[in-house]
> 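What follows is a structure written as structure tokens; I'll ask about it next.
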Amino acid sequence: MPDNHAKAFSEALDLLSRKMLEDEPSLGVSFPYVTRPDGSWDLMPASVSAGYSGDAWSHGNWFCGFWIGLHLVSHLHGGDEAHLAIATERMRLVAPRSHDPNTHDIGFIFLSSALPLFHLTADPLHCETGLEAARQLRARLVRTDLGGYVSSWGPHDDQRGRRSSAIDTMANLPLLYWAGEQTRDDSFTVAAELHAQSTERTFIREDLSTYHAVEYDLPAGTRNRGYTFQGLGDESFWSRGQGWAILGYAETARATGNRRYLDLAHTLADRFLEALAGRSAAPWDFDDPAGDDATLDTAASAIVANALLQIADLEPDAGIAGKRRDQAIALLEDLCREHLSRDPSERGLLRHGCYSKPHNIGPDAAVLFGDYYFAEALLMVLKPGALRPAAKKLA
């Protein structure tokens with residue numbers, strides 16, 4: 001990698017570290033998740049679980065782990081022990097959520113917190129926290145005549161959520177793969193791979209874009225309908241959802257060693273990059289009729305850059321792997337050059353993320369998960385294997 005890329009990536013992580021240490025005194029026991037119009041963080045306690053209020057669904061705090069993960073990235077980048085100490089202390093606030101039976105997002109919470117803390121410290125407490133979270137995620141498996149899938153929302157016995165899953169779930173599967181490796185209990189891996197197979201069958205459209213969510217016919221396991229919460233429409237090409245799918249299939253290839261899943265990650269990545277068409281960041285939905293004036297979602301680009309680096313690590317063909325790595329670095333370079341938030345009044349790292357445009361939540365803001373996947377990708381380039389064990393090439 002040319003030195004100018006390394007310099008830009010390092011400066012972005014330096015900026016992250018400074019902002020986080022500046023913000024910590026004002027957070028109390030809450031966690032950031034999206035910036036307000038004035039650039040300040042909106043906050044939520046880690047204890048807020050997902051749930052129904054009538055028929056309305058709230059996702060609760062599914063992002064608290066990302067803040068811990070960003071502290072760990074900052075620690076590994078600059079060596080400041082303060083970040084590790086803060087991450088360890090904040091883990092105390094997040095750990096009780098490992099018993100949460102209400103959401104697939106338990107994967108996001110602990111993949112970015114307990115697992116890297118265990119990798120860095122070998123503290124068995126973090127391992128057990130991650131395993132308890134994985135048990136809750138495994139318990140969401142719904143058996144069907146065609147296999148099974150992990151339901152995304154609601155308590156395990158609530159039929160409203162039990163019949164549905166979201167493309168985001170693909171990016172939660174690594175918690176199950178990790179648990180299977182830690183415990184040598186294949187039921188974790190089987191649950192995750194069944195979900196990946198069901199997602200391939202029911203979420204991927206003929207044009208290789210993906211649905212945000214699918215409602216299943218039970219017990220058949222066939223798709224009753226595809227729909228969206230955060231995209232433009234039920235049949236539209238929601239960019240971040242494609243990113244979750246690419247990331248999830250790369251992780252599934254890594255865990256299973258199955259070339260089929262890596263090929264699928266390649267295919268979905270090609271579809272995203274084709275739609276991106278050289279823009280500096282993805283629009284929130286590729287089908288937005290506003291075209292080049294559409295609201296952006298830098299988080300989608302960050303997730304895909306992260307996934308492309310993982311694909312490159314797994315791909316045994318050196319030429320193809322190099323191409324994927326170059327594509328990832330180009331996306332990260334664009335984000336650093338065009339969308340990095342250097343203004344002190346803007347507390348996030350990446351401008352122009354889009355949490356949920358249909359719900360007017362952070363429609364043009366820094367979003368914590370975007371910052372995390374961006375920062376993790378930068379660290380993957382600068383210090384491969386620092387935050388988690390490096391992947392091995394597929395045979």
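Only heavy atoms go into these numbers, but all of them, side chains included; no hydrogens, no water, no symmetry mates.
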> Compute whether any side-chain donor of one residue and acceptor of the other, for S345 and D343, lie under 3.5 angstrom apart.
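Note: S345 and D343 side chains meet the donor-acceptor criterion.
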
> Is it the case that the side chains of Y261 and E200 hold a donor-acceptor pair, with the cut-off being a distance below 3.5 Å and no angle test?
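Side-chain D/A pair, E200 to Y261: absent.
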
> I'd like to know if R225 and D234 make a salt bridge, using a cut-off of under 4.0 Å between side-chain N and carboxylate O.
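No salt bridge links R225 with D234.
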
> If only side-chain N and O atoms count, and only distance matters, is there a donor-acceptor pair under 3.5 Å linking T295 with D364?
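D364 vs T295: no donor-acceptor pair found between side chains.
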
> Could you tell me whether the side chains of H83 and S17 share a donor-acceptor contact shorter than 3.5 Å?
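Yes - a donor-acceptor pair under 3.5 Å links their side chains.
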
> Going by the angle between their ring planes, with limits at 30° and 60°, are H339 and H352 parallel, tilted or perpendicular?
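Taking H352 first and then H339, their aromatic rings stand perpendicular (interplane angle over 60°).
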
> For a side chain to side chain contact (heavy atoms under 4.5 Å, CB included) with V367, tell me which candidate from Y33, Y355, F63 qualifies.
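Running side chain to side chain contact (heavy atoms under 4.5 Å, CB included) over Y33, Y355, F63 with V367 returns exactly one hit, Y355.
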
> With sequence neighbours excluded, give me every ring pair (Phe, Tyr, Trp, His ring centres under 6.0 Å) pair touching residues 373-395.
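Residue pairs with at least one partner in residues 373-395: F66-Y373, W244-Y373.
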
> If a pair satisfies salt bridge (Lys or Arg N to Asp or Glu O under 4.0 Å) and one of its residues is in residues 236-246, list it, with sequence neighbours excluded.
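Listed once each, the pairs are R240-D297.
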
> Could you tabulate the donor-acceptor pairs under 3.5 Å formed by side-chain atoms of residues 377-390, not counting sequence neighbours?
unit_1 : atom_1 : unit_2 : atom_2 : d
K383   : NZ     : L76    : O      : 2.6
K383   : NZ     : H77    : O      : 3.2
R388   : NH1    : E251   : OE2    : 2.7
R388   : NH2    : E251   : OE1    : 3.2

> Please enumerate all residues that pass side chain to side chain contact (heavy atoms under 4.5 Å, CB included) together with R92, with sequence neighbours excluded.
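With sequence neighbours excluded, R92 shows a side chain to side chain contact (heavy atoms under 4.5 Å, CB included) to E89, given in chain and number order.
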
> Can R259 and D263 be counted as an ion pair, charged N to O under 4.0 angstrom?
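Yes, this pair counts.
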
> Tell me which donor-acceptor pairs under 3.5 Å the side chains of residues 143-150 have, and how far apart each pair is, sequence neighbours excluded?
unit_1 : atom_1 : unit_2 : atom_2 : d
T144   : OG1    : L146   : N      : 3.1
T144   : OG1    : G147   : N      : 3.1
Y149   : OH     : R162   : O      : 2.7

> Thinking salt bridges, do R347 and E22 make one under a 4.0 Å N-O criterion?
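Result for this pair is yes, salt bridge flagged.
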
> Using a strict 4.0 Å threshold on nitrogen-to-oxygen distance, state whether E11 and K7 make a salt bridge.
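Yes, E11 and K7 are salt-bridged.
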
> Answer yes or no: is there an ion pair linking E346 with R351, defined by an N-O contact shorter than 4.0 Å?
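Yes, charged N to carboxylate O under 4.0 Å.
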
> Applying side chain to side chain donor-acceptor pair (under 3.5 Å), can you list everything that pairs with S40, at least two apart in sequence or on another chain?
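Side chain to side chain donor-acceptor pair (under 3.5 Å) list for S40, sorted by chain: R36, D38.
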
> Go through the side-chain N and O atoms of S165 and S151 and say whether any donor and acceptor fall under 3.5 Å apart.
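The criterion, which ignores hydrogens and geometry beyond distance, is not satisfied for S151 and S165.
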
> Among I311, L308, L332, find the one that has a side chain to side chain contact (heavy atoms under 4.5 Å, CB included) with Q327.
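Only match with Q327 under side chain to side chain contact (heavy atoms under 4.5 Å, CB included): L308.
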
> Evaluate the side chain to side chain contact (heavy atoms under 4.5 Å, CB included) criterion for residues L268 and I204: first the C-alpha distance (whole Å), next the side-chain angles of each, then the deciding distance (0.1 Å), finally the verdict.
CA-CA 9 Å; L268 296 173; I204 302 174; 4.3 Å; yes

> Only pairs at least two apart or in different chains count here, so list each ring pair (Phe, Tyr, Trp, His ring centres under 6.0 Å) that has a residue in residues 167-188.
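Counting only pairs at least two positions apart or across chains, no ring pair (Phe, Tyr, Trp, His ring centres under 6.0 Å) contact touches residues 167-188.
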
> Using a strict threshold of under 4.0 Å (side-chain N to carboxylate O), is an ion pair present between R135 and E132?
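Answer for the salt bridge query: yes.
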
> With salt bridge (Lys or Arg N to Asp or Glu O under 4.0 Å) as the rule and sequence neighbours excluded, what pairs involving residues 95-116 come up?
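Applying salt bridge (Lys or Arg N to Asp or Glu O under 4.0 Å) to every pair that reaches into residues 95-116, excluding sequence neighbours, yields R97-D100.
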
> Applying ring-ring contact (aromatic ring centres under 6.0 Å, His included), run through F229 and Y227 and close with a yes or a no.
CA-CA 7 Å; F229 286 110; Y227 61 105; 5.5 Å; yes

> Can you run down the ring pair (Phe, Tyr, Trp, His ring centres under 6.0 Å) pairs that involve residues 278-314, sequence neighbours left out, and say none if there aren't any?
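Ring pair (Phe, Tyr, Trp, His ring centres under 6.0 Å) check on residues 278-314 returns F237-F286, F272-F286.
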
> What pairs with E81 under side chain to side chain contact (heavy atoms under 4.5 Å, CB included), at least two apart in sequence or on another chain?
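In terms of side chain to side chain contact (heavy atoms under 4.5 Å, CB included), with neighbours along the sequence ignored, E81 is linked to H75, L84.
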
> Salt bridge check: are R337 and D334 linked by an N-O gap of less than 4.0 Å?
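Salt bridge: yes.
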
> Picking from W62, F108, W67, what satisfies ring-ring contact (aromatic ring centres under 6.0 Å, His included) with F369?
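The ring-ring contact (aromatic ring centres under 6.0 Å, His included) with F369 is passed solely by W62 among W62, F108, W67.
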
> If you measure from the Lys or Arg side-chain nitrogens to the Asp or Glu carboxylate oxygens, is any gap between R324 and D270 under 4.0 Å?
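A salt bridge links R324 with D270.
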
> Do H359 and Q230 have side-chain atoms, one donor and one acceptor, less than 3.5 Å apart?
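Checked: H359/Q230 side chains show no N/O donor-acceptor pair below 3.5 Å.
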
> Enumerate the salt bridge (Lys or Arg N to Asp or Glu O under 4.0 Å) contacts for residues 174-193, please, sequence neighbours excluded, ordered by first and then second residue.
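Listed once each, the pairs are R138-D185.
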
> Tell me, which pairs form a ring pair (Phe, Tyr, Trp, His ring centres under 6.0 Å) where one or both residues lie in residues 117-148, sequence neighbours left out?
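The answer is none; no pair qualifies.
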
